[in-house]
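Atoms within a ligand are numbered from 1 in the order they appear, just like the ligands themselves.
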Amino acid sequence: MRNVNSLTVDGFMEGVIQRNRGQKEFHQAVAEWAHDVIPYVNENPQYQDHNLSERMTEPDRVILFRVTWQDDAGRFQVNKGYRVQHSNAIGPYKGGLRFHPSVSLSVLKFLAFEQVFKNSLTGLPIGSGKGGSDFNPKGKSDQEVMRFCQAFMTELVHHIGPNTDVPAGDIGVGSREISYMFGQYKRLAHEFTGALTGKSLEFGGSYIRSEATGFGNAYFMQEMLKHHNEDIDGKVCAVSGAGNVALHCTQKLTELGGKVVTLSDSSGFIHDPKGINEEKLAYISELKNVKRGRISEYAEKYGCDYHEGKAPWRVDCDLAFPCATQNELDIDDARALIKNGCKAVSEGANMPTTVEAMHALQEAGVIFGPGKAANAGGVAISGLEMTQNSMRLSWSAEEVERRLKHIMRDIHDKCAQHGKNGDQVNYVKGANIAGFIKVADAMLAYGVM
Ligand code: NDP
Ligand code: 2IT
């Protein structure tokens, strides 16, 4: 049904671009969503007349601040700090912090926007936020990272809290950074409350949180394949990245019988046709998290190929898992994957596939799991860390992983329901619409705000 208030996707996007000039990553994330949601709103009268799409694309607030810290030589350094509090319609603002030189308002706004629908899909009461800094932890000493984290939290503490906004990790923010920030938070807030997730087990962390995004991505692929009478067992898998998400995704894929043959970092990728087994994975984990070395060192140790400056998408594989960063898989990569017989792609990273590449994969019949569904396992277990903190108890690793599996299956089924297209499933559409409905219903119930 169309009425006078029907929107066109192009008309809607014109307004978004006008109001957010130059923010190309944000435009990209909104355009991908609008492609599915605007027609859905036009067909469902209960969502018309409330300008929901425009309201959903404007963050509640953006906090921007200076972070001053001293390096080891005693020099004063300045970075930008951000927190985008996008929506608390269904729970406290919730989402990661990214420390990387490429961090900009556009990048954080795209991430916060996608987080709204991802968090909704988990079924848990969590709203959306994202933040971070253009600080580059690479090459910094532990002491420098600590001083930066403390300086960053000295401002952020005013804006977060267990019922207000609960940040976590993302690129460049792992256990070390969360520990420094939580230490400073509890000192300044003068209370021990779960205002950050991804904490260590000794001080309020949850079992399986560090594994959850990668494990969840493997489980999501397992569900998509099951739905198409296929299985991970025996499949050759290409994974990109060598961080938290990539390594835990590799671990779970291997446990499920897959053979992971690639990993990468921002310098290049390794191709190990024998497969990255448990022992090799332990080596990379130490290399990346303790020595903070480069993936090329793996090729030297295990005598396999290393491709400088390239991504792993030209390698023969059945399944692909982009787990590094945004727009790391473009149209040429998609064509190579299609040509090499890739059956399915599941996004561990946020928006790693360009829009053109995503459409090419879908048109070629490659099963495509979008990040806002496939990588939701991380924030889901963050949600369960908040639950455990509120209850002041700790569930076992088995209990948390059981819940993670259940949540990933439930997200899959919601996507399959709303993305059904004949015998096929459009998981992108399913995730966008299923994520939208819960937030839209909450906003309608609140009235004008
Ligand atoms: P990490 O910092 O642990 O690892 C990031 C990995 O990606 C590193 O191997 C890094 O290589 C590589 N990388 C980063 N930037 C680039 C770039 N510009 N070009 C090529 N490679 C790059 O981050 P995570 O594993 O936590 O995050 C990876 C992705 O997953 C991100 O998109 C993040 O938003 C998403 N995600 C993370 C979640 C989490 O719980 N951590 C939850 C959901 C999604 P190098 O070391 O050379 O920089
Ligand atoms: O993109 C993401 O979902 C994350 N970086 C995790 C967010 C969280 O709050 O655990």
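Protein heavy atom nearest atom 9 (O) of ligand 2, with residue, atom name and distance: Lys94 NZ, 2.7 Å. Scanning the protein heavy atoms around atom 2 (C) of ligand 2, the nearest turns out to be Lys118 NZ, 3.2 Å. At the top of the distance list for atom 10 (O) of ligand 2, counting protein heavy atoms only, stands Ser382 OG, 2.6 Å. Among protein heavy atoms, atom 7 (C) of ligand 2 sits closest to Gly96 N, 3.5 Å. Taking atom 4 (C) of ligand 2 as the reference point, the nearest protein heavy-atom neighbour is Lys130 NZ, 3.6 Å.
Between Cys304 and His271 the shortest side-chain heavy-atom distance does not fall below 4.5 Å. The side-chain heavy atoms of Tyr283 and Lys288, taken from C-beta on, include no pair separated by under 4.5 Å.
Rounding to the nearest 0.5 angstrom, the gap separating the CD atom in Gln251 from the CG atom in Leu253 is 10.0 Å. Put simply, CG on Asp410 and CZ on Arg403 are 13.0 Å apart, with the number rounded to the nearest 0.5 Å. To the nearest 0.5 Å, the span separating NE2 on His359 from CD1 on Ile331 amounts to 10.5 Å.
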Quick one, Lys310 with Ser267, criterion side-chain contact (heavy atoms from CB on, under 4.5 Å). Give me CA distance, side-chain angles, the key distance, then yes/no.
CA-CA 8 Å; Lys310 300 223 160 66; Ser267 310; over 6 Å; no
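For Arg209, every heavy-atom contact with ligand 2 shorter than 4.0 Å involves the side chain, none the backbone. When non-hydrogen atoms are compared, ligand 2 lies under 4.0 Å from the side chain of Asn350 (C-beta onward) but not from its backbone.
Near ligand 1, residues Arg98, His100, Lys118, Lys138, Asp170, Ile171, Gly172, Arg209, Thr213, Gly241, Ala242, Gly243, Asn244, Val245, Ser264, Asp265, Ser266, Arg294, Cys323, Ala324, Thr325, Gly348, Ala349, Asn350, Asn375 come within 4.0 angstrom through at least one heavy atom.
Ring planes of Phe148 and Phe135: parallel class, angle under 30° (limits at 30 and 60°). Classification of the Phe215-Tyr219 ring pair by plane angle, with boundaries at 30° and 60°, yields perpendicular.
Taking every heavy atom of Ala168 and a limit of under 4.0 angstrom, the matching atoms of ligand 2 come to 8 (C), 9 (O), 10 (O). Listed by number with element, the atoms of ligand 2 under 4.0 angstrom from any heavy atom of Gly95 are 7 (C), 9 (O).
The shortest N/O to N/O separation between Asn375 and ligand 2 does not fall below 3.5 Å.
Ligand 2 lies out of reach of Glu114, whose nearest heavy atom is not under 4.0 Å from it. In this structure, Gly169 counts as a contact residue of ligand 2, since one of its heavy atoms falls inside 4.0 Å of the ligand.
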Name every donor-acceptor pair, under 3.5 Å, that has one atom in a side chain of residues 315-325 and the other anywhere in the protein, sequence neighbours excluded.
residue: Asp318; atom: OD2; partner: Val236; partner atom: N; Å: 2.8

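Outside the 6.0 Å centre-distance limit, the rings of Phe65 and Tyr82 are not counted as a close aromatic pair. Residues Phe117 and Trp33 bring their aromatic ring centres within 6.0 Å.
Screening Lys226, His227, Met221 for a side-chain contact (heavy atoms from CB on, under 4.5 Å) with Glu223, the sole residue that qualifies is Lys226.
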